[in-house]
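What follows is one structure encoded as structure tokens, with my remarks underneath.
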2 protein chains.
Amino acid sequence: MTGRAETLQRLAEVFRAHGYEGASLALISRATGLGKGSLYNLFPGGKAEMAALVLAEIDGWFEANLYAPLREAKQPAEAVSAMFDAVEAYFRSGRRVCLVGVVALGPERDRFGAAVRSYFARWIAALAGALERSGRNTAVSNALAEEIVVQVQGAIVLARALDDPAVFSRAMTALRVKAAA
Amino acid sequence: MTGRAETLQRLAEVFRAHGYEGASLALISRATGLGKGSLYNLFPGGKAEMAALVLAEIDGWFEANLYAPLREAKQPAEAVSAMFDAVEAYFRSGRRVCLVGVVALGPERDRFGAAVRSYFARWIAALAGALERSGRNTAVSNALAEEIVVQVQGAIVLARALDDPAVFSRAMTALRVKAAA
DNA sequence: ATCAATTTGTACCGATCGGTACAAACCCCG
DNA sequence: CGGGGTTTGTACCGATCGGTACAAATTGAT
């Protein structure tokens, strides 16, 4: 019925809301409106394949909407600013969890380690490149890019822990200033 | 046989390694060496009580070893430096996960929300107080304290994601400089 | 309209889940 | 040595887990 892309979106929400272990097939079936038959027809590999495809979908979205623009921007400073816009929108000011970060913290890290590593490594590399092209030297660019990604992840944790999206927004605002300086 | 405190330590490791849902009673039984009978004798409330007590134990450790020293230090700058020592040792340069942060990201946040909020709020408050007493004004102290806790959490995520403890160490070193400036 | 191929719902599988019941083993105080 | 209270292992509970089998329903090409 609904397309495969939409199904992946709903799957992502289920994994975000309940974690990998907590996302039972019953829950997944309810959330997607698909019976077990349909699910195993779409994803013969079961839950593991669903999670892998969800991670790949997220990775693709970041590649298209953040990494590629950062790499190819003619005006890197604007691209960095646009990245912050995209990050604030995507993570809904910390109300929405970073699924890749969650996987990195959890026991599924081993299974999806390569995907997780690539997602973050490419983020940092693309951002560092843009910062460098905006006038910084290599070492500073690398350090700043790493710090920005660290703070995005940490701000999600803290905003959720304190149940206060303002924590996330404050961190992003401070980072924007720092990145533009 | 072994004391209750040691049992809580092993419980914490199991929760860290497998998450709340993934920490089955079979796993817990194996890791603690205690049968179900003993476990439910020690923790009549089952898994939920185990997790709550583990969080309380962690909270108590941070209170005693980080928050209280930060609050009561005669030389606040030294206390902040000591906090970084303790943090690097406790989280093993990002190899060890922050269980409270993991809970904040996961579906158990609702159940343990109050404990999670208190843990982070008190950390930030104690740190902000020390920073203020070391010569900064209130606003700067609060912002810096929040940023430090954000970066600690984010550095754990990124160090695990990239499987590179140096990420964590670099972040801590940079924060020490910033806090001492 | 027909028929092969795909998609779907449902019944079912063994395994494991968190939790309970309870009797045997153990401990400690007399 | 005795005996009351606690600690322990084990058998067991219903529910749910991820996954499979398979027949009915649906689809698409001709």
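Numbered from 1 within each chain, the chains take letters A, B, ... in sequence-line order. Side-chain atoms are counted along with the backbone in the values below, which use heavy atoms only and exclude waters and symmetry mates.
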Enter the distance from D85(B):CG to E78(B):CD here, rounded to the nearest 0.5 Å.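 Rounded to the nearest 0.5 Å, the CG-CD separation comes to 11.5 Å.
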
Taking CG from L34(B) and C1' from dT8(D), how many angstroms apart are they, rounded to a whole number?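 It works out to 9 Å between those atoms.
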
Which residue is it: L99(B), V14(B), D59(B), V103(B)? I am looking for the one with a side chain to side chain contact (heavy atoms under 4.5 Å, CB included) to V54(B).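 Per the side chain to side chain contact (heavy atoms under 4.5 Å, CB included) rule, the option paired with V54(B) is L99(B), out of L99(B), V14(B), D59(B), V103(B).
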
Do side-chain atoms of R10(B) reach the backbone of T32(B) as a donor and acceptor pair under 3.5 angstrom?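 Pair absent, no side-chain N/O of R10(B) close to backbone of T32(B).
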
Is it the case that the side chains of E147(A) and Q151(A) hold a donor-acceptor pair, with the cut-off being a distance below 3.5 Å and no angle test?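 Side-chain D/A pair, Q151(A) to E147(A): present.
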
Is any side-chain N of the basic residue among E13(B) and R16(B) closer than 4.0 Å to the acidic one's carboxylate O? yes

Annotated protein contacts, base or backbone, on nucleotides 15-28 of chain C with a non-hydrogen cut-off under 4.0 Å, one of B, S, - each: --SBBB--------

